[in-house]
**Q** 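Can you read through this structure? Questions will come right after.
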Amino acid sequence: MNCGALSVVVCALAVAAIRVEAVIGDDNLVPPRREVYDNGRIFDISHRYHPDMPEWESNDGIGQFLWLPKSMKNGSLANNSEMKLPTHTGTHVDAPGHVYDHYFDAGFDVDSLDLHILNGPALLVDVPRDNNITAEVMKSLNIPRGVKRVLFRTLNTDRRLMFKKEWDTSYVGFTVDGAKWLVENTDIKLVGVDYLSVAAYDYLIPSHLVFLKDREIILVEALKLDDVPAGLYSVHCLPLRLAGAEGSPIRCILIKY
């Protein structure tokens, strides 16, 4: 509202009147929280941030990450929150500088990632539930050449690991030979997985190095893939433009064709 020449007192009264009118006219103050939109056409595959969300190497979750230093209840003109959060928390993206220090120094941050890779046709596949993603598993999936974006649903989703506060090192991820097989035998440029790391815990850094070495593959981790049918979709993922950051929270959705 532009108060113009109105006095501060008159302006404040006008704003208060508008707010009272809004409260009186709102008899249903239950916010909608959805996972699926447009009658099942759009799936939100990003996890909701909350204090009990799992954090790397922690049994206590991410804890408090949101504060309200300016509150209308305490006399502020508007509510204004502040947030402090590790960049590799929840559904997030890895940039090449995550595991290559010379890429980090050169500025290959999340703001340098190709949005074309992060948006477009994508295949959601179910991985055999009894193994990490090895070369043999990759062969068995028979992902055809030309497919550039693949989301891998694993035992992590069945175990609901992203809904548990405690960090779990037994999650399913890529082994080194699985990562090499993908790089050498497919056209995949976007790799999406359903826990905090694309790499199995015993192959943590080596698998990341394989994926990010040539700066052609983008890794999206901790996707929420439960209750989404396997198949072909249009994926849309947008990281924050954090200059200098090697990771970023990311909002991802799938849209049915």
**Q** List the residues meeting side-chain hydrogen bond (donor to acceptor under 3.5 Å, both in side chains) with R159, not counting sequence neighbours, and say none if there are none.
**A** D168, S170

**Q** Are W167 and Y195 close enough that their ring centers fall under 6.0 Å?
**A** yes

**Q** Quick one: name the residues clustered hydrophobically with I45, using the 4.5 Å side-chain heavy-atom rule over I, L, V, M, F, W, Y, and just say none if it's on its own.
**A**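 Via sub-4.5 Å side-chain contacts, I45 links to V36, F43, V93, V110, L113, L115, I117, L118, L124, L151, L190, I218, V220, L223, L225, V228, Y233, V235, L238, L240, L242, I250, L254.
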
**Q** With distance as the sole criterion, is a donor-acceptor pair present between the side chains of S58 and D60 under 3.5 Å?
**A**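 Absent: no donor and acceptor within the cut-off.
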
**Q** Please list all pairs passing the disulfide (SG to SG under 2.5 Å) test where one or both residues lie in residues 205-236, with sequence neighbours left out.
**A**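 Applying disulfide (SG to SG under 2.5 Å) to every pair that reaches into residues 205-236, excluding sequence neighbours, yields nothing.
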
**Q** Less than 3.5 Å apart, any donor N or O on the side chain of T87 or E246 sitting next to an acceptor on the other?
**A** yes

**Q** Will you find, in the side chains of D226 and T157, an N or O donor that is under 3.5 Å from an N or O acceptor?
**A**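 No.
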
**Q** With side chain to side chain donor-acceptor pair (under 3.5 Å) as the rule and sequence neighbours excluded, what pairs involving residues 200-213 come up?
**A**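 Qualifying pairs: D94-H208, H208-E221.
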
**Q** Taking the ring of F108 and the ring of Y100, is the distance between their centroids below 6.0 Å?
**A** no

**Q** Would you mind listing every disulfide (SG to SG under 2.5 Å) that reaches into residues 84-194, with sequence neighbours excluded?
**A**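 Matches after skipping sequence neighbours: none remain.
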
**Q** For the residue pair H98 and Y103, is the inter-centroid distance of their aromatic rings smaller than 6.0 Å?
**A** no

**Q** State which residues pass side-chain hydrogen bond (donor to acceptor under 3.5 Å, both in side chains) with R145; sequence neighbours excluded, sorted by chain then number.
**A**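 side-chain hydrogen bond (donor to acceptor under 3.5 Å, both in side chains) list for R145, sorted by chain: D187.
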
**Q** Show the nearest heavy-atom pair for residues S112 and D109, with the distance to one decimal.
**A**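 Heavy atoms of S112 and D109 come nearest at OG-O, 2.7 Å.
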
